[in-house]
Number of protein chains: 2
Amino acid sequence: MIFHFREKFPLLNTYWDRYLPFQQRMEVPAKTVLLEEGKISQQYIFIEKGCTRLFFNNNGDDKTVQFFFEKEGLTSFDSFVNNIPSLFTIETIEPSVIYLLPKHYVLQLMDELSHEPNFVQMMMQLSAQRQTHYMNEFVSFIRDTPEQRYQNLLADRPHIIQRVPQHYIASYLGVSTVHLSRIKNKLAKGKPHF
Amino acid sequence: MIFHFREKFPLLNTYWDRYLPFQQRMEVPAKTVLLEEGKISQQYIFIEKGCTRLFFNNNGDDKTVQFFFEKEGLTSFDSFVNNIPSLFTIETIEPSVIYLLPKHYVLQLMDELSHEPNFVQMMMQLSAQRQTHYMNEFVSFIRDTPEQRYQNLLADRPHIIQRVPQHYIASYLGVSTVHLSRIKNKLAKGKPHF
DNA sequence: AAAACTTGATAACATATGTTATCGTTAGAG
DNA sequence: CTCTAACGATAACATATGTTATCAAGTTTT
């Protein structure tokens, strides 16, 4: 999510590597809560193995907002940056191996980074990248039907459909589990694969 | 949108003021295109008077993504930062007075800013703010019905409903113009105001 | 191994929403 | 000032989607 720098800005690897010793390694089972709704995010989460989801509770039922997999990092950004209660819970979906870096070190790392020559441009690019992600999710809702959104997911991020339980995907797509099942059924009939 | 710093970070006013002379003032009628879909955003837009919308074309009909009013600044961020064709068009809704600041100056301003002590924190806060905005739009779709989204709009940003033509609002809410009209009718009956 | 929970499919019905068409009003253009 | 286009309401019908309930197949727990 946020500091998923490594591929895009290889320069930064040296910075990250310096902070690796401060990370706490954890092996956790599925459905482990890494950040609870209402708590203030105190660390950055990096996923080595497994996957997690970001969700919120709405009148008793979960609404999943995003999924994260191997080599991705995440946090409840607004909570992390502004020290306010998180609107979201972060929970593992599969048994996972994760690394936690306390906020203090993240901020220190960012401060060091700020002296690099292209820091401003880099920050803006990362900011634009994250903004574009959520904007695209939003745009997809005002442009596509749930069926089209499911097909987009199937085309662009099939690993989500393969690894994530269907009711999480349903809430992410904004439909009921029943309707997602109908969509799958309809697509299976339309495009038999034999 | 992006550089709407002034209230949140008064420190920055001195920076902005220094760049005011480089801005181009324009008085334009309604439905003036300020940035066309497919073109690369070359300037930052500040609205002194009037309002604009950000939209994209989808098979012939517009889908409005966001509205902007007095004292707000905007650009097609991803296009602006990464020099790629904009996915969106920016167009005035009312006759407006706007200021344009060429990208070159914006980048120069940011570079100067980067030497301020709390620059990193400021950038992260602004980034979080924008991310939160789009995330909330997204969350609203997987949590609320169109009727609830309309009521949220009415409660949180009534000026949009007052000043913006209804078919723009309909696409922004993700419903047809007919259905938005139905929603308004239903709410008017439920809560008579006499 | 039995029990309990999780996951997913499906049916039946109710409601929400889209589409197309028509009409009236208002606001701009010539 | 008249004409036209933009805007908004409404009806009628078709389709999409939600809700509730039931069933089946795995998984996990005990």
Side-chain angles (χ1 to χ4, degrees), chain A residues 28-32 50-51 53 55 58-64 67 91-95 140-154 160-190 192, chain B residues 28-33 50-51 53 55 58-64 67 91-96 140-154 160-190 192:
Chain A
V28 296
K31 300 203 178 190
T32 302
C51 61
R53 68 191 181 108
F55 70 93
N58 183 241
N59 299 117
D61 61 334
D62 288 353
K63 299 286 184 181
T64 297
F67 303 103
E91 184 183 272
T92 55
I93 295 174
E94 304 172 352
S140 175
F141 270 94
I142 65 182
R143 184 189 51 203
D144 305 324
T145 64
E147 180 179 330
Q148 287 172 309
R149 282 205 302 285
Y150 178 77
Q151 293 198 80
N152 293 344
L153 200 62
L154 202 53
I160 292 183
I161 293 173
Q162 288 156 10
R163 291 173 65 176
V164 173
Q166 198 162 308
H167 57 286
Y168 294 161
I169 296 176
S171 75
Y172 169 72
L173 292 174
V175 298
S176 65
T177 56
V178 175
H179 192 60
L180 177 53
S181 192
R182 275 195 285 242
I183 288 172
K184 289 181 66 173
N185 182 282
K186 180 182 169 188
L187 294 179
K189 283 177 181 166
Chain B
V28 296
K31 300 202 179 191
T32 303
V33 172
C51 60
R53 68 192 180 108
F55 70 93
N58 183 242
N59 299 117
D61 61 334
D62 287 353
K63 300 287 183 181
T64 297
F67 303 103
E91 186 183 89
T92 55
I93 295 174
E94 303 172 352
S96 305
S140 175
F141 270 94
I142 64 182
R143 183 188 53 202
D144 306 325
T145 65
E147 180 178 329
Q148 286 172 310
R149 282 203 302 285
Y150 179 78
Q151 293 199 81
N152 292 343
L153 200 62
L154 202 54
I160 292 183
I161 292 173
Q162 288 156 10
R163 292 172 65 177
V164 173
Q166 198 163 308
H167 57 286
Y168 295 161
I169 296 176
S171 76
Y172 169 72
L173 293 175
V175 298
S176 66
T177 57
V178 174
H179 192 60
L180 176 54
S181 191
R182 274 195 287 242
I183 288 171
K184 288 182 67 174
N185 181 282
K186 180 181 170 189
L187 294 179
K189 283 177 181 167

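Letters A, B, ... mirror the listed sequences (proteins, then strands); counts begin at 1.
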Tell me which donor-acceptor pairs under 3.5 Å the side chains of residues 175-182 of chain B have, and how far apart each pair is, sequence neighbours excluded?
residue	atom	partner	partner atom	Å
B:Ser176	OG	B:His179	N	3.1
B:His179	ND1	B:Arg182	NE	3.3

Dump every N/O contact between nucleotides 26-30 of chain C and the protein below 3.5 Å, one line per pair.
none

For this session: Mind running side-chain contact (heavy atoms from CB on, under 4.5 Å) on A:Tyr168 and A:Glu91 for me, showing each step along the way?
Result: CA-CA 12 Å; A:Tyr168 294 161; A:Glu91 184 183 272; 4.1 Å; yes
Locate the shortest heavy-atom distance separating [X] from [Y]; write the atom from each residue and the value.
X        : Y        : answer
A:Leu153 : A:Ile169 : CD2-CG2, 3.9 Å
B:Ser171 : B:Thr64  : OG-N, 2.9 Å
B:Gln148 : B:Arg143 : OE1-O, 4.2 Å

Exercise. How does each nucleotide of nucleotides 5-18 of chain D score, in 5' to 3' order, for protein heavy atoms under 4.0 Å: base (B), sugar-phosphate only (S), or none (-)?
Worked result: --SSBBBB----BB
Problem set entry | d(CG, B:Asn59; C1', C:dT19) in whole Å | 16 Å
Exercise. How long is the line joining CG of A:Leu187 and P of C:dA9, in whole Å?
Worked result: 12 Å
Problem set entry | Nearest-0.5 Å distance that lies between atom CZ in B:Arg149 and atom CZ in A:Phe141 | 8.5 Å
Exercise. Among all residues two or more places apart in sequence or in another chain, which pass the ring pair (Phe, Tyr, Trp, His ring centres under 6.0 Å) test with A:Phe55?
Worked result: none
Tabulated below should be each protein N or O lying under 3.5 Å from an N or O of nucleotides 24-30 of chain D; please produce it.
none

Problem set entry | Verdict with reasoning, B:Leu187 to B:Gln151, per side-chain contact (heavy atoms from CB on, under 4.5 Å) | CA-CA 9 Å; B:Leu187 294 179; B:Gln151 293 199 81; 3.8 Å; yes
Exercise. For B:Phe67 and B:Ile93, what are the C-alpha separation, side-chain angles and deciding distance, and is it a side-chain contact (heavy atoms from CB on, under 4.5 Å)?
Worked result: CA-CA 9 Å; B:Phe67 303 103; B:Ile93 295 174; 3.8 Å; yes
For this session: With sequence neighbours left out, write down each residue that passes side chain to side chain donor-acceptor pair (under 3.5 Å) with A:His167, or none if nothing qualifies.
Result: none
